[in-house]
Amino acid sequence: MEKKGRIGIIGLGLIGGSMAISLSRSCDVVGMSRNPETVEYALSSGMITSAARSYSDFAGCDAVVVCTPLSLVKKTVEDVYAALGDTTVITDVGSVKGMLSGLPGRIIGGHPMAGTEQSGIRAAKERLLENAYYILVDYNDNPADLELVRRIALACGAVPVVMSAARHDRLVAKISHLEHMAAYALVNSAMTGDEHIVGSGFMDTTRIASSSPEFWNTVAALNRGNIVDEMDRYIATLSDLRRDIAAGRDITAFLAEAKEKRDKLKYSRRFMSEYVVYADVPDCVGSIVGVLDRLAAAGISISNLTVMNSREGAGGALRIELKDEPSYRKAKEILG
């Protein structure tokens, strides 16, 4: 099949490498990495068509996607624009979008809301972005350029959603950045050195505290105002709950309201890309295999499986992560 278009990718890690695999099916992909071994691997595996040694080597590309670490995104975008000017669209995959506001050029912000606990080009997967929401920001009112990046997102299997940089940064502060700060704080507060039993609730709640401290330090700096606002709101809610518990009041209504809101997420799943079901299995030989056989018979593949020793209201002893919403809904139907 004849390839149409030429896309540049700067930073061939998990996201950049995964995008390269997807885009290489229909486009020539020019890749750049500071690591020569990464470039060699990308070329030998067919992820990229050619390698760039300088930003001027991206001349002729329809778009250049900046997939560097978050702390380097703005500087890289500025340097690419200095080298290429308005001859190409420049986009990125950073999780904070306000940092690019006000920059000149054909800049379209991007944030694919996908990832894994792994990193580097060898962790890249063609379907990493499949069905993940991909936020797009048109900074300088360039609808044709926005459409090009939207097509790039679609080519990677993602679901493009257009919004302003301000709305994006408020949203991610609420649904992601606050949760990471809370998880780190909870671990440092609760883990005092005398813990002998840790329940699944604690492990689920603090799982994201295993993320990169360097990355989240950068996020906190770049989206400081929104994160502080959400932390203040959370602290106020927690303080009210503490007051009621300390006074011996009935908190059932508070808990029920939260449960109702959380349960609705199972069905709406707006801006979510994690699909998890729980399965109740007896403690006997073959019970887990039986669950997996039922899923396999329906053509459902799982991306991760956790056996939960302490269940604490989780509703099951198996935590099953699925790759997309159709698989999630089918698994829910099969497992009840």
Quiz item: Relative to each other, are the rings of His168 and His111 parallel, tilted or perpendicular (30° and 60° limits)?
Solution: perpendicular
Practice problem: Quick one: list whatever passes salt bridge (Lys or Arg N to Asp or Glu O under 4.0 Å) with Glu37, sequence neighbours left out. | Solution: none
Practice problem: Specify the closest pair of heavy atoms between Ser56 and Leu84, including all atoms of both residues, with the distance to one decimal. | Solution: CA-CD2, 4.2 Å
Quiz prompt | Flag for Asp229-Asn226: side-chain donor and acceptor within less than 3.5 Å | solution = no
Self-check item: Shortest non-hydrogen separation from Asn223 to His177 and the atoms involved
Solution: ND2-ND1, 3.1 Å
Practice problem: Scan residues 9-36 for pairs that pass ring-ring contact (aromatic ring centres under 6.0 Å, His included), counting only residues two or more places apart or in two chains. | Solution: none
Exercise. Determine the minimum heavy-atom distance between Ala155 and Leu23, stating which atoms define it.
Key: CB-CD2, 3.8 Å
Side-chain donor-acceptor pairs of residues 67-76 under 3.5 Å, sequence neighbours excluded:
from	atom 1	to	atom 2	distance (Å)
Lys75	NZ	Asp79	OD1	3.3
Lys75	NZ	Asp79	OD2	2.8
Thr76	OG1	Leu72	O	2.7

Exercise. Measure the CD1-CD distance between Ile175 and Glu230 for me, rounded to the nearest 0.5 Å.
Key: 10.5 Å
Name each donor-acceptor pair under 3.5 Å that joins a side chain in residues 91-104 to protein atoms two or more places apart or in another chain, with its distance.
from	atom 1	to	atom 2	distance (Å)
Thr91	OG1	Ile108	O	2.5
Asp92	OD1	Lys97	NZ	3.4
Asp92	OD1	Gly110	N	3.1
Asp92	OD2	Gly94	N	2.9
Asp92	OD2	Lys97	NZ	2.9
Lys97	NZ	Gly94	O	2.6
Lys97	NZ	Gly110	O	3.0
Ser101	OG	Gly98	O	3.4

Quiz item: Does a sphere of radius 6.0 Å around CZ in Arg224 hold more than 12 heavy atoms from other residues, nucleotides or ligands, not counting ones at 6.0 Å or beyond?
Solution: no
Quiz item: Pairs in or reaching into residues 49-95: which pass ring-ring contact (aromatic ring centres under 6.0 Å, His included), with residues at least two apart or in two chains?
Solution: none
Quiz item: So which heavy atom on Gly105 is nearest to which on Asn140, and how close?
Solution: O-ND2, 2.8 Å
Quiz item: If you measure from CD1 on Ile107 to CD on Glu78, what distance do you get to the nearest 0.5 Å?
Solution: 8.0 Å
Quiz item: Taking all atoms of both residues into account, what is the closest heavy-atom pair of Ala298 and Ile334, and its distance?
Solution: CB-CD1, 3.3 Å
Quiz item: side chain to side chain donor-acceptor pair (under 3.5 Å) with Glu130: which residues, sequence neighbours excluded?
Solution: none
Self-check item: Heavy-atom neighbours of Arg243 CZ exceed 12 at 6.0 Å
Solution: yes
